[in-house]
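Heavy-atom basis, side chains included; hydrogens, waters and symmetry copies ignored.
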Amino acid sequence: MNRFYASWLELARSTAIGRGLSWNPEFDDVTGKVAKTQRWGLNSAVGLPPDREIWMSHFGHLPRDIELLRKVSECPKTSCKPPELMSKDWREFLQASISHELFVKQNKVSNAVAHARAIRTISLCAGQTPPWELRPAEVQKAYNIALLLGTSGKLAMNLSMVAKVLFDANHLSKYCPLVTSAKPYESASALEGQERVSRQKLREGDNYNVHAQRSQLNDRKSAEKLPETAAFWELVRIVFTERPRTFTDRIRFAVIKLQILTGLRIGEVVMIPEDCLRRKDYYAVDGRSAGELGGFSKSLSLRYFALKQGNQAGAQSRLVEKYQEIPPLFADIIDDLVGEISKVTAPLRARLKLQTTTNRLIPEYTPDALVSAIEMYTRVSGSIQITARRIDPDLKDAYLADHNFEILDPIREEQNSHLFSASLKPVRQYWKNQVGGPPIRNRKGEIISGPIDVQCHFLVSEIEDFVKREMPTKLSDTGPFIAPDGKPFYPHQLLFLQPSRALIEDRNGGIVDITKYFSVGRLAANDIILQLSGKKSGLFDRYGETEDDKKLSLNTHSLRHLQNTELFRLGITDAMITKRYGRQSTAQSGAYDHRSLREQIIEIELPPEASALPERLHDTAKLMLTRRMRGPIVEEFFEIQRESGDEEAFRYLAAEADGFHATPYGFCLSSFTVDPCPKHLECFNGCRNLTRTENPDEEQNLQKMLDRMERHLHEAQRRTGNSPGIKNQISHASTVIENLKLAIAAKPGSQVFPNGRDLANPIDRPATVIDTAIRSQELG
């Protein structure tokens, strides 16, 4: 074990133990499952509500990984027997990585989970080799297993990231760097997986997209981060015009509407508190409304809890409160939306608050109360339909129109009126299927047997114990967050609540009685992401207008990119955009700017001193002022501007840069008014006026020229003899090849040959043909 690994491990161990986590937990030697009392609850460990706990609960390798290891290794099942459990060193490494992610780096739980998944695959390939001796071949094998898992390439990316930020950054293995070994084998399946990784990298960020180029002025930067046009407009049509078929869909529609209107992250939208609107009135000094004087009399802002607010201590566990000013155009829409959702979720909010304060599942009854099996059927399953008789279509349609919970009363009364005339099949079947269910009792509380009927009852405490034991995923979200003031903030204070796991809606087209159903939860961001992923039974599939529409998908984060870009396009300053989205710096907003170069040029305003420029030079001047173009004239312009001011600089530009010259190899700002360029289209041969752009055709043209010159040089070198002609050909070709390579390597916007000659200088009128030849030779 090297000293880097030892210190890294010790820091992780001491930090985890300090948090009350068991470092050497007991686990099953066969399955690898950690004892329930000693497993790590990751949400609880960082102070998040444990309602949807994520556990570090086993030390086993995954069967699918083992299967793919045999495939990648081309090893028969009989002779290839990878270990099913992680070795002791790898178990410690797994725990240490989680400890560092959560407590040292203070990253999100999802980051720790992603690293842990990749580490299991690496551990499988390493076998008994300890982490500090992990070899490149083992990393490559693990990477190729990851390439065959999933459809997005995300796992392979995570595995490569583990090699980079864990092993290489901390020098944990003596064979570092290891990230260079995260590459595919030459098999077709591995190369196909690598293609998925490449596409995923393009979607995720500019850090991976540094080589993206735009061939046209109207091409958008990183356009893949914006929503597909068809998917965006179909989603707008669905959420603003379609009638939601279920209560949960109504909540989902509202979440998506609010994200479209605000541009907040989906994780921020689902966590918006019910008390989220702030109104302000504005008055002049004399007491008159500001609106009477041409201003705004009122404003509306939205309170929300921002994500990604840095790695300060406690950043994960403590909510960070922010406010977004709502434009008047959207104020009424958002005001109505918040009011509507607050009203329809009121029964859920009241029940969840009561459950939180009493720590009970069905707090409307005392624990020793006897309640009819029919009533308990609605309380536990959520279904308002208790008989085989279908709900009256008119009542059902009236409820689905706006999900007004007051209409549930006549539906409930209509069902109760048929208790003795219609079959209780839904109730009987439900309780019959509950293995290990609570004992059935009569009105006196005596345990009885037989089928369920109107005389059957349950003891409330026994129902609650049964649900906790057999239906843990249905338990309500009651665990608190920590508010900015340090006080607890409970889920019942959120705006977007839903009946948890209301399967009666999704599977059977029924109605959930939200006034009685015991299970209430906050809407998860992953639910919206899944609904828009294009999978079966998602929003596009269920509400799409055409067959093509049903197959659409949309990344929720692309809506944030879209609104940012639109604000940039409309000329809103980056400072205002940064404030609107609760960011730390304007540089962060720049990553969300996907305007085309044409849109960026149009937005730029030239100073009054540029009035001397002819209109055809306006685009050239704008590119120069934004440092998107370089060259001798540009440098001279800025030097004159510094020494003599704007007026002299633009007068110089009007005289010298009389056109915007585009060549197959880049921009040229030389003046061609009086004389044509004597070295026309030989810019690649060392001319200091050549500036590369983002046009990919330039690189193709330069590469073609390079291939041609290399063939020419090869042919010249094969010739026999030592004549001056052959020497000149070899020397000329070598020089051109060297210049072409420099031009290909140059970054867009950079001057290719800053120390080169100005080949655009006109040839002085010679007296003789011999003078012309000499002058031409001097120019190269």
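- There is a side-chain donor-acceptor pair under 3.5 Å between Asp65 and Thr121.
- In this structure, the side chains of Asn555 and Pro227 stay at 4.5 Å or more apart for every pair of heavy atoms.
- For Glu186 against Leu191, the heavy-atom pair with the smallest separation is O-CD1, 3.9 Å.
- Panel note: side chain Asp549, backbone Thr546; a donor-acceptor pair is recorded below 3.5 Å.
- Under a 3.5 Å cut-off, the side chain of Asp541 and the backbone N or O of Gly534 do not form any donor-acceptor pair.
- With values rounded to the nearest 0.5 angstrom, Glu566 atom CD is found 10.0 Å from Ile572 atom CD1.
- To the nearest 0.5 Å, the span separating OG on Ser173 from CZ on Arg135 amounts to 8.5 Å.
- Applying the 6.0 Å contact sphere to NZ of Lys550 captures more than 12 heavy atoms from other residues, nucleotides or ligands.
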Item to check | Residue pair Lys551, Glu547: steps toward the salt bridge (charged side-chain N to carboxylate O under 4.0 Å, His left out) verdict | outcome: CA-CA 7 Å; Lys551 299 174 184 177; Glu547 288 302 315; 5.9 Å; no
Checklist entry - Stepwise, does the side-chain contact (heavy atoms from CB on, under 4.5 Å) test hold for Leu706 with Gln703? => result CA-CA 5 Å; Leu706 176 62; Gln703 189 62 51; 3.8 Å; yes
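- Residues Gln588 and Thr578 form no side-chain contact, since every pair of their non-hydrogen atoms from C-beta on lies 4.5 Å or further apart.
- The distance from the NE2 atom of His557 to the CZ atom of Arg265 is 6.0 Å, given to the nearest 0.5 Å.
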Item to check | Verdict with reasoning, Leu559 to Leu554, per side-chain contact (heavy atoms from CB on, under 4.5 Å) | outcome: CA-CA 9 Å; Leu559 298 174; Leu554 185 140; 4.0 Å; yes
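- Distance alone, capped at 3.5 Å, is enough to place a donor-acceptor pair between the Asp168 side chain and the Leu178 backbone.
- When all heavy atoms of Val139 and Ala182 are compared, the closest pair comes out as CG1-N, 4.4 Å.
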Checklist entry - Ser558 and Phe232: side-chain contact (heavy atoms from CB on, under 4.5 Å), yes or no, with the steps? => result CA-CA 9 Å; Ser558 66; Phe232 172 73; over 6 Å; no
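- Here the closest non-hydrogen pair linking Val197 and Gly153 is CG2-O, 3.6 Å.
- Counting heavy atoms from C-beta on, the side chains of Ser533 and Leu530 come closer than 4.5 Å.
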Checklist entry - Stepwise, does the side-chain contact (heavy atoms from CB on, under 4.5 Å) test hold for Arg117 with Leu149? => result CA-CA 12 Å; Arg117 175 64 184 90; Leu149 290 166; 3.4 Å; yes
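- Looking at Tyr592 and Thr565, their side chains never come closer than 4.5 Å, going by heavy atoms from C-beta outward.
- Here CZ of Phe167 is found 7.0 Å from CD1 of Ile119. Values are rounded to the nearest 0.5 Å.
- Taking the side chain as every heavy atom from C-beta outward, Tyr185 and Leu147 never approach each other to under 4.5 Å.
- Nearest heavy-atom pair, Pro184 versus Gln194, reported as atom, atom and distance to 0.1 Å: CD-OE1, 3.6 Å.
- The distance from atom CG of Leu68 to atom CD1 of Ile66, rounded to the nearest 0.5 Å, is 10.5 Å.
- To the nearest 0.5 Å, atoms NZ (Lys154) and CG (Leu159) are separated by 12.5 Å.
- Distance alone, capped at 3.5 Å, is enough to place a donor-acceptor pair between the Gln259 side chain and the Thr556 backbone.
- In this structure the side chain of Tyr5 never reaches within 4.5 angstrom of the side chain of Asn170, judged on heavy atoms.
- Inter-residue side-chain proximity for Tyr581 and Arg560 is flagged as met; some heavy-atom pair is nearer than 4.5 Å.
- Contact record, Tyr175 with Pro136: CB-CD, 3.9 Å, taken as the closest heavy-atom pair.
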Item to check | Intermediate values then yes/no, salt bridge (charged side-chain N to carboxylate O under 4.0 Å, His left out), Glu67 and Arg64 | outcome: CA-CA 5 Å; Glu67 178 186 340; Arg64 179 60 175 158; 3.1 Å; yes
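- The shortest side-chain heavy-atom distance between Gln563 and Ile577 does not fall under the 4.5 Å cut-off.
- Formation of a donor-acceptor pair under 3.5 Å by the Asn2 side chain with backbone atoms of Phe4 is found in this model.
- Among all heavy-atom pairs drawn from Ala230 and Leu552, the shortest one is O-CD1, 3.8 Å.
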